[in-house]
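Chain letters run A, B, ... following the sequence lines, proteins first and then strands; every chain starts at 1. These numbers come from a predicted model, not from an experiment.
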Amino acid sequence: MIERKIEEFIISYLKKNKIQNTDWNISQNNKKGFGDYSSNIALVLAKILKKAPIDLANDILEFHKEDNLFSIFVTKPGFVNFTVDNSYYSDVVNQILSDKDSFAKPKAKKQTANVEFVSCNPTGPLTIGHGRQAVLGDIISNILSWHNYDVTREYYYNDAGKQMRVLAQSCYAKYANKIGRKFESPENGYVGEYLDDIVEKIIEKYGNDLDENDEKFRTFTEKEIFQNIQETLNSLNIVFDVFSKEKSFYDNGSINEVLKALEKLSLSYKKDGATWFKTTALGKEEDKVLVKSTGEPTYRLPDIAYHIDKVKRDFNLIVDIFGADHIDTYPDVLLALESLGHRVDHIKVVIHQFVTLKEDGKVVKMSTRKANFVTLDELIEKLSADIIRYFFIMRGANSHLDFDLDLAMDESEKNPVYYLQYAHARISNLGKRFKKEVGETNKINLQLLDKEDEMSLMKKLSQFPKKMEQLHESLEPRQLATYLEELAAQYHKFYGNHKVIDLDNAELSHARMALCDATQIIFKIGLSILGITAPERM
RNA sequence: GCCCCGGUAGCUCAGCUGGAUAGAGCAACGGAUUUCUAAUCCGUAGGUCAUAGGUUCAAAUCCUAUCCGGGGUACCA
């Protein structure tokens, strides 16, 4: 990467002048007039050395020996600007063409990662909010896979708690109602239509004389709903490797172990019949309940046991993806792990904000319990997986996402997804024609590419490795989407202004086609990480 | 009350580990089509980067306060 070379150059200057590290940087310029890269090194040094920044910048300029990598010029108030030689960019194109799908892919040894996402209890169909998390988690997993991680996609859910009991009661209420018994739906019960369908199936399968406390109202319902959840995820091409059930941590005794261990450390105590986690001893403002006075643990306790289990499975990286409603709970879990002597420095938590759905220009409020939500299934009926996936990550995870249903459907032609896919398809089509009309060659002279649009496109391609590095750090899929949109814009512009197939100039034609091929390779890599198809034609 | 996000063009949002002239898409307006598939391109217009202070050679970006929107603050998950 050229940034490295520039960095090395500046460091060599600092070494020669015996200047200790300072807080300087190299930034890339998208504007004209300042070269490809600039450094603030002289501005930063000015203060320490008590010299004019412009003089320092000129000193750096003089220090630089002629080479064929980059040239330097200085602008006020003291920026050192680097203009990278064109040959660097054509080298990148060559590199892409020879490495193909593995271009820029790190060669580091395999590591393991666990990504936990969705983790929604089987009490109802997935909503649009879950959809965001599902897609986010899947793409983050793809990013890690690309960076040579062996990724385990994991779904954790509560198959034993209070919510499941309420679900069973709600189901029975519908059942009773159907067969003419009297039974009040529980307070805060589930009333969604999906339960009616399940009740129909129960009657069909088990008849209409089941007892109120029959196990089937829980087990059958859970199975049905969970199957539906998996089907929904599958239709977005999301497949999990591991399902962890909360109940297993009761059964194997690890929840009790956590309680004992915390007690031993005097980090828990009893009050009002409940067991409390003494987080105030660890710098928090309030203590939190671990076991309710009813004897039932809160979600926090099994969560701790579950995370200990994940840590013990020895992954190099653990990623938890939560909705904004969990923002206050995960620090407690991490605190517990730390105080019990477990590693937490390899746990990354990704928090995403909520989705608001807009229909007919109005915001639709959603709640699973009240059943006035729009399900992910309904969305999938209307839109393709490609579009849904893209829409969910086209905003930063930390921003609220306005999902405008009307826009996603009615204006699908103006959808950014098509813009990307079209760039890819255009190149495919062009390639076919090119083969027929121009033929092949083994001598490609990329030095012929020096037009502004060609250079801009090559520069955009050269940014890919750096982008992927940033992506690894941020785990923010939107950054890749933004990059691909920029690349597509650059490509369409190039395509519009220059003929690739020019029968009077075969040499130039080949050079341009090579540039197109390289661009297509980057699209392929990018789109596959986003889990979006790269069509040959549209 | 306290904590966490966010407030950038008419709308939806990038940019935020400080850098030079704040960007896209949509919407509006004006052009390009006997095409290498126009699902595209070119151009015009659109901004007190919520507000007020502060730090800095340099602030949309960092700090403080205020205002507005969302979420949390449960012996719900």
- Message: Regarding A:Arg478, tell me which of base, sugar-phosphate or nothing describes its non-hydrogen contacts under 4.0 Å with the strands shown.
- Response: sugar-phosphate
- Could you check how far CD1 of A:Ile321 sits from P of B:A77, rounded to whole Å? 22 Å
- Message: Any base atoms under 4.0 Å from A:His492, or only sugar-phosphate, or nothing? Heavy atoms, all strands.
- Response: sugar-phosphate
- Query: Looking at A:Tyr156, A:Tyr157, A:Phe226, which one forms a ring pair (Phe, Tyr, Trp, His ring centres under 6.0 Å) with A:Phe243?
  - Reply: A:Phe226
- Item | Atom P, compared across B:U64 and B:C5: separation rounded to whole Å | 12 Å
- Counting any heavy atom closer than 4.0 Å, what does A:Gln28 reach on the DNA or RNA strands: base, sugar-phosphate only, or nothing? nothing
- Assign each of A:Tyr422 and A:Pro77 the nucleotide of RNA chain B bearing its closest heavy atom; nearer the 5' end lies the nucleotide of A:Pro77
- Task: Would you mind reading off the distance between A:His326 atom NE2 and B:G70 atom P, rounded to a whole angstrom?
- Result: 22 Å
- Task: Under 4.0 Å between any heavy atoms, over every strand shown, what does A:Ala324 touch: base, sugar-phosphate, or nothing? Just pick one.
- Result: sugar-phosphate
- Item | Residue pair A:Arg395 / A:His400, side-chain donor-acceptor N/O under 3.5 Å | no
- Message: Heavy atoms from C-beta onward define the side chain here; which of B:U56, B:G19, B:U21 lies closest to that of A:Phe34?
- Response: B:U21
- Query: Which nucleotide in the list B:A39, B:A20, B:C5 gets nearest to the side chain of A:Gln353?
  - Reply: B:C5
- Note on the structure: The side-chain contact (heavy atoms from CB on, under 4.5 Å) partner of A:Leu484 among A:Tyr390, A:Tyr419, A:Phe523, A:Phe464 is A:Phe523
- Note on the structure: With the side chain defined as heavy atoms from C-beta on, A:Asp272 is closest, among B:G72, B:G70, B:C75, to B:C75
- Message: In this structure, how many angstroms lie between the C1' atom of B:C4 and the CZ atom of A:Phe322, rounded?
- Response: 15 Å
- Residues A:Asp332 and A:Arg300 bridged, charged N to O under 4.0 Å: yes
- Whole angstrom is fine here: how far is it from CG in A:Leu43 over to C1' in B:A59? 15 Å
- Message: Determine whether a donor-acceptor pair (one donor, one acceptor, N or O, separation below 3.5 Å) exists between the side chain of A:Asn81 and the base of B:A20.
- Response: yes
- Query: Which whole number of Å gives the distance between the C1' atom of B:A14 and that of B:U56?
  - Reply: 26 Å
- Message: Output the rounded distance in Å from CG (A:Asp332) to P (B:C3).
- Response: 17 Å
- Message: Strictly by Watson-Crick or wobble contacts shorter than 3.5 Å, is anything paired with B:U34, and which nucleotide is it?
- Response: none
- Phosphate contact (B:C42 OP1 or OP2) by A:Lys493 side-chain N/O below 4.0 Å: yes
- Note on the structure: Rounded to whole Å, CH2 of A:Trp276 lies from P of B:C75 at a distance of 6 Å
- Item | Nearest-angstrom distance from the residue atom CD of A:Glu286 to P of B:U73 | 11 Å
- Message: Please tell me if A:Ser399 has a side-chain N or O lying less than 4.0 Å from either OP1 or OP2 of B:A14.
- Response: yes
- Options B:C75, B:G19, B:C5, nucleotide nearest the side-chain atoms of A:Val289: B:C75
- Note on the structure: Out of B:U40, B:A14, B:C57, minimum distance to the side chain of A:Arg395 belongs to B:A14
- Query: Of all the choices, B:C57, B:G70, B:A77, which nucleotide is nearest to the side chain of A:Asp325 once you look at every atom?
  - Reply: B:A77
- Item | Identified pairing partner of B:C2, criterion: Watson-Crick or G-U wobble below 3.5 Å | B:G72
- Under 3.5 Å, is there a donor-acceptor pair linking the side chains of A:Asp320 and A:His326? no
- Given B:U12, B:G71, B:A20, which nucleotide is nearest the side-chain atoms of A:Ile327? B:G71
- Task: Using the P atom on both, measure B:A74 against B:U66 and round to a whole Å.
- Result: 23 Å
- Nucleotide opposite B:G53 in a Watson-Crick or G-U pair, distances under 3.5 Å: B:C63
- Taking only side-chain nitrogens and oxygens of A:Lys292, does any of them come within less than 4.0 Å of OP1 or OP2 of B:A77? yes
- Pair assignment for B:A28, Watson-Crick or G-U wobble, requiring both distances under 3.5 Å: B:U44
- Item | Side-chain N or O of A:Tyr419 closer than 4.0 Å to phosphate OP1/OP2 of B:C41 | yes
- Rounded to whole Å, CG of A:Asn415 lies from P of B:A27 at a distance of 12 Å
- Query: So, does the side chain of A:Thr298 form a donor-acceptor pair with the base of B:A74 at under 3.5 Å?
  - Reply: no
- Item | 5' priority, RNA chain B, between A:Asn398 and A:Glu437 [closest heavy atom] | A:Asn398
- Expressed in whole Å, how much space separates the C1' atoms belonging to B:G23 and B:C49? 12 Å
- Query: If you look at every strand shown and take non-hydrogen atoms under 4.0 Å, does A:His424 touch a base, only sugar-phosphate, or nothing?
  - Reply: nothing
- Determine the interatomic distance between C1' on B:A45 and the same-named atom on B:U55; round to the nearest Å. 38 Å
- Item | Base B:A20 paired with A:Ser38 side chain (donor-acceptor, <3.5 Å) | yes
- May I ask you to check whether over 12 heavy atoms, not counting those of A:Glu452, lie within 6.0 Å of atom CD? no
- Message: Work out how far the C1' atom of B:U21 is from that of B:A65, and round it to whole angstrom.
- Response: 31 Å
- What about A:Ser293, does its side chain sit under 3.5 Å from the base of B:C75 through a donor-acceptor pair? yes
- Task: Could you check whether the rings of A:Phe240 and A:Tyr155 sit parallel, tilted or perpendicular, using 30° and 60° as the cut-offs?
- Result: perpendicular
- Does the aromatic ring of A:Phe354 sit over the six-membered base ring of B:G71, closer than 5.5 Å centre to centre and tilted less than 30°? no
- Could you measure between the two P atoms, the one in B:G72 and the one in B:C16, and give it in whole Å? 29 Å
- Message: Is the phosphate of B:A77 approached by A:Arg300 (side-chain N or O, under 4.0 Å from OP1 or OP2)?
- Response: no
- Query: How about A:Lys348: does its NZ atom have over 12 heavy atoms from other parts shown lying under 6.0 Å from it?
  - Reply: yes
- Query: Between A:Lys459 and A:Glu486, does at least one N-O distance fall below 4.0 Å, as a salt bridge requires?
  - Reply: no
- Message: Please classify the nucleic acid contact of A:Ala425 as base, sugar-phosphate, or nothing, using heavy-atom distances under 4.0 Å.
- Response: base
- Task: Assign A:Gly396 to base, sugar-phosphate, or nothing according to its heavy-atom contacts below 4.0 angstrom with the strands shown.
- Result: sugar-phosphate
- Message: Determine whether a donor-acceptor pair (one donor, one acceptor, N or O, separation below 3.5 Å) exists between the side chain of A:Asn40 and the base of B:G19.
- Response: yes
- With P as the reference atom in both, quote the distance from B:G31 to B:U17 in angstrom, rounded to an integer. 43 Å
- Task: Please answer whether the main-chain N or O of A:Glu246 pairs with a side-chain N or O of A:Asn158 as donor and acceptor at a distance below 3.5 Å.
- Result: no
